[in-house]
Amino acid sequence: MRSYRELFRTPEYTPFFFSFAAQNAALTISGLALATLVYQATESPLLSAVSMFGPQLAQMLGATFFLSGADRLPPRVTLTGINTAFAVCTAVLALPGLPIGAVFAVVFLQGLIASLGGGVSGGLLNEILSKDGYLLGRSVFNMASGLMQVTGFATGGALLALLSPRTCLLLAATLYATTALVLRLGLTARPPRAAGRPSVAATWRTNALLWSSRPRRLTYLGMWVPNGLIVGCESLYVSYDSGSAGVLFASAALGMFVGDLTLGRFIPPTLRARLDIPLRLLLATPYLLFALHPGLPWSAIAVCVASIGYGASLVLQERLMELTPDELAGHALGLRSAGMLTMQGVGATIAGTVAQLTSPATAMTLVAVASVAVTLTLAALARQSRGEIPEPQTA
């Protein structure tokens, strides 16, 4: 499968794609509205930031306990239920007078729910598309995610200028409910990919199985660590140059879009499989320019070029699917998503701490050096383990 026309002619892909885009828009609008609401109530930048990114930080905990459900639950019912739950949670957050403690309890619950959703969605995409179409389909999802973030933040900002944060939360809740309806009507009822009931024991057992293979383990680390460290660099845009932060974020989104488009549509599979290390190096090396404290437009160009390297995640996801039995695909992709989001939070914490002790430009440079070092180390370890094939076991 090499064209977008073929992709969108695939049964179920189109409604699944539009539901994904709508969910990302709702997530962005609701996150911005909630962060604004919390800041108005507390005047705390920390609490405002945690309210916005708290669901991501809770995902690894959810992956530790509930991820076995990604392959052991029927996908249409599960995804419909997840978006319905998000609609209810978002509507609850819009209630006047809701205590801050209750707000964070709801945010934490959303994170636990989201940890299951990533695995179910990834596994279902693997079923809807053929093996040769997975990367192209995943690249379109990645591009949509970046575009929805840019569009969602812009739309959310405009809505907040016209409406109250609580009204924006209710609009996001309506969007989640619409997404649930699209999933219910647009997807076919499918059985679970794996037998057995979801349980904490099954989650731990499958996590251990996935992690036991050295090639899979190196693939996970390649997706999590270099990516997370560079997100740490991105978290310093505001402190580096508050007046140009919006331009830098837009440049990063543009670079990521170009990388996903090029990898998914134009690079042949034989070449693509060899590009993961060069792309991970590309993701970090342009940030070394920040040692010179560049202004616009050089900083924007560096960020844009670097973000093309995020395309490495597509190559590594394709490799992960080659290394994983089909019945564990959802669990494997859910673990990828949860680990990636967690590492992004860790990367932002590391970069912020270094910036506090030095300067944002110095921190971006040092974190980029660390990302390059991690990529080269993982590449060396991968060469040592070449030829190791994971056994196709099941949990």
Side-chain angles (χ1 to χ4, degrees), residues 56-73 75 78-79 111-127 129 131 134-135 138 141-142 192-228 273 276 280 312-346 374-375 377-379 381-395:
Q56 292 179 230
L57 297 176
Q59 285 208 29
M60 184 52 80
L61 182 62
T64 303
F65 292 101
F66 310 123
L67 199 50
S68 63
D71 293 302
R72 297 170 185 240
L73 294 171
T78 305
L79 290 175
L112 295 180
I113 295 170
S115 67
L116 178 60
V120 178
S121 296
L124 180 57
L125 183 64
N126 198 47
E127 286 190 64
L129 298 176
K131 290 289 186 183
Y134 177 81
L135 187 135
R138 184 73 253 180
F141 270 55
N142 285 5
R193 283 176 295 276
R197 297 177 59 184
S199 67
V200 173
T203 298
W204 288 355
R205 192 163 57 246
T206 306
N207 283 344
L209 173 62
L210 290 169
W211 196 252
S212 66
S213 161
R214 192 180 189 192
R216 266 197 306 260
R217 189 162 60 245
L218 293 175
T219 301
Y220 274 125
L221 291 173
M223 287 188 284
W224 292 347
V225 184
N227 175 306
D276 65 307
R280 278 184 276 166
S313 66
L314 291 173
V315 182
L316 292 170
Q317 282 182 64
E318 191 174 39
R319 182 175 302 163
L320 179 64
M321 290 297 92
E322 292 171 355
L323 295 169
T324 303
D326 289 343
E327 64 270 21
L328 299 181
H331 194 122
L333 290 167
L335 184 60
R336 176 207 71 88
S337 177
M340 183 180 68
L341 292 171
T342 301
M343 190 59 211
Q344 288 176 2
V346 172
V374 169
T375 293
T377 300
L378 292 175
L381 293 173
R383 284 195 295 271
Q384 294 175 9
S385 66
R386 192 167 295 159
E388 181 182 342
I389 301 175
E391 298 179 8
Q393 306 173 51
T394 58

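Note that the numbering runs from 1 along the sequence shown for the chain. Just so you know, these numbers use all the heavy atoms, side chains as well, and skip hydrogens, waters and symmetry mates. None of the values given here were measured: they were computed from a predicted structure.
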First locate atom [atom1] of [X], then atom [atom2] of [Y], and finally report the distance between them rounded to the nearest 0.5 Å.
X	Y	atom1	atom2	result
Gln317	Asp276	CD	CG	12.5 Å
Leu381	Leu218	CG	CG	6.0 Å
Glu318	Met321	CD	CE	10.5 Å

Results of side chain to side chain contact (heavy atoms under 4.5 Å, CB included) for Leu320 - residues two or more places apart only:
Arg216, Thr219, Tyr220, Met223, Thr324, Ala332, Leu333, Arg336
Among all residues two or more places apart in sequence or in another chain, which pass the side chain to side chain contact (heavy atoms under 4.5 Å, CB included) test with Thr375?
Pro226, Ile277, Arg280, Leu281
Under 3.5 Å, is there a donor-acceptor pair between the side chain of Arg72 and the main chain of Pro192?
no
Which residues pass the salt bridge (Lys or Arg N to Asp or Glu O under 4.0 Å) test with Arg217, not counting sequence neighbours?
none
Side-chain contact test, heavy atoms from C-beta onward, threshold under 4.5 Å: evaluate it for Leu209 versus Leu328 and give yes or no.
yes
Hey, are the side chains of Trp224 and Leu335 touching, using non-hydrogen atoms and a 4.5 Å cut-off?
yes
Tell me every residue that passes side chain to side chain donor-acceptor pair (under 3.5 Å) with Asn227, counting only those two or more places apart in sequence or in another chain.
Gln344
Of all pairs that satisfy salt bridge (Lys or Arg N to Asp or Glu O under 4.0 Å), the ones with a partner from residues 114-123, not counting sequence neighbours:
none
